[in-house]
Amino acid sequence: MRFIATADWQLGMTARFLDGQARPRFLQARLDAVRRIGELAGDRGAQFVVVCGDVFESNQLDRAIISRAFEVLRGFPVPVHLLPGNHDPLDAASLYDSATFAARTPEAVRVLREPGVCEVAPGVQLVAAPWFSKRPGQDLVARACAGLEPTPAGTIRIVAGHGAVSSLDPDAADPAAIDDAALRGLLDAGIAHVAVLGDRHSTTQVDPRIWYPGTPEVTDRAETDPGNVLVIDVDPATGDVTVEPVRVGRWAFTVVEQTLNAAEDVAALERRLAAIGAKERTAVWLRLSGTLTMADNARLERLLEEDRELFARLDLWERYRDLAVLPDGHDFADLHLGGFADQAVDELAGMAGAAAESDTDAESAQGALRLLYRLAGAAGGRS
Ligand SMILES: [Mn+2]
């Protein structure tokens with residue numbers, strides 16, 4: 001029995017960090033990824049798709065987002081089961097209870113509203129753990145599984161939940177964390193064959209039978225392996241589980257780190273940016289450090305200005321901006337650090353100027369001066 005597990009579609013996510021022109025493309029890209037999931041389900045003979053929470057970015061969405069999502073889901077060849085997560089919980093303002101949702105729900109769409117077992121195909125059950133508020137205050141997966149007898153022979157059972165597992169949760173005291181040790185125990189006891197979870201946007205194997213599919217299209221630069229769904233096979237005879245991550249995402253969020261101390265470093269950055277493919281679907285955060293002359297900095301500014309029009313985003317990551325610009329004709333004498341430091345600057349300037357360019361002492365002296373300049377806060381007029 002084959003199905004597709006996915007999660008965290010975050011439809012309607014606005015991505016303010018992208019350039020204005022890129023935002024509508026990104027919104028569309030999330031829907032395109034969903035369309036590819038439907039195609040994949042058809043191509044691979046999956047019986048259904050389960051989306052483990054955060055299908056929508058929030059309960060307060062433009063109606064057009066729901067209509068456009070439905071237009072895509074209407075093309076799905078198999079049922080698609082939507083689990084409400086922390087972004088789209090079944091609370092009083094739930095999008096799943098809105099008039100728009102109710103009026104136009106496509107044939108293929110089923111909302112997993114009830115915690116516990118739900119028959120999705122002959123001999124196939126989901127154990128759903130939907131969210132009813134943003135702060136459930138308890139392990140919803142444990143609650144959904146409570147009191148279940150072992151899976152009857154000939155039946156396949158899949159747990160579908162949302163939230164951080166305790167072994168990967170930085171907030172160990174979070175009462176809503178999913179106790180993955182206990183969940184493993186339930187799988188060992190035959191309560192279910194496999195568990196699929198939303199919330200973590202990077203594809204993650206917690207255990208060979210406990211997985212986060214991750215988001216099918218990247219949402220944040222911190223994600224390590226986004227853009228996948230899972231094609232999962234459960235052997236009805238043996239209960240063996242096989243999981244295959246399949247890429248459906250097309251966008252990339254990238255951090256580019258470069259130290260810039262000379263013209264050739266700017267040229268190297270230029271080559272690195274040129275080598276990135278599909279720039280219109282790539283957002284780049286630059287972490288630049290070093291010290292440039294006015295002329296080299298002007299070259300850098302030109303490069304960024306030109307490339308900015310190609311990328312979905314290309315900008316300095318302000319938190320990691322550590323780039324200084326030397327005024328023209330700067331001889332370091334105006335650092336005015338005082339006392340021994342001034343004396344050290346004089347000595348370094350002498351060393352840097354005296355020897356040939358290839359001389360490693362001169363290079364280290366220049367490096368030390370650039371560092372001093374940067375540390376002294378004389379960074380191109382910024383204070
Ligand atoms: Mn999410």
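Atoms within a ligand are numbered from 1 in the order they appear, just like the ligands themselves.
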Can you tell me the angle formed at the Mn ion (ligand 1) by OE1 of Gln10 and OD2 of Asp54, to 10°? 90°
Is there an N/O/S atom in His201 at a distance below 2.8 Å from the Mn ion (ligand 1)? yes
Under 3.5 Å: donor-acceptor pair, side chain of Arg113, backbone of Tyr96: yes
Assess the residue pair Asp32 and Arg36 against the criterion (side chain to side chain contact (heavy atoms under 4.5 Å, CB included)); give the C-alpha distance rounded to whole Å, side-chain angles, the decisive distance to 0.1 Å, and a yes or no. CA-CA 6 Å; Asp32 292 344; Arg36 283 190 291 276; 3.9 Å; yes
Using a cut-off of 6.0 Å, state whether more than 12 heavy atoms not belonging to Glu119 lie near its atom CD. yes
Arg63/Ser98 under side chain to side chain donor-acceptor pair (under 3.5 Å): CA gap, chis, key distance, verdict: CA-CA 10 Å; Arg63 279 198 333 212; Ser98 68; over 6 Å; no
Asp8: its N/O/S atom lying closest to the Mn ion (ligand 1) (atom name): OD1
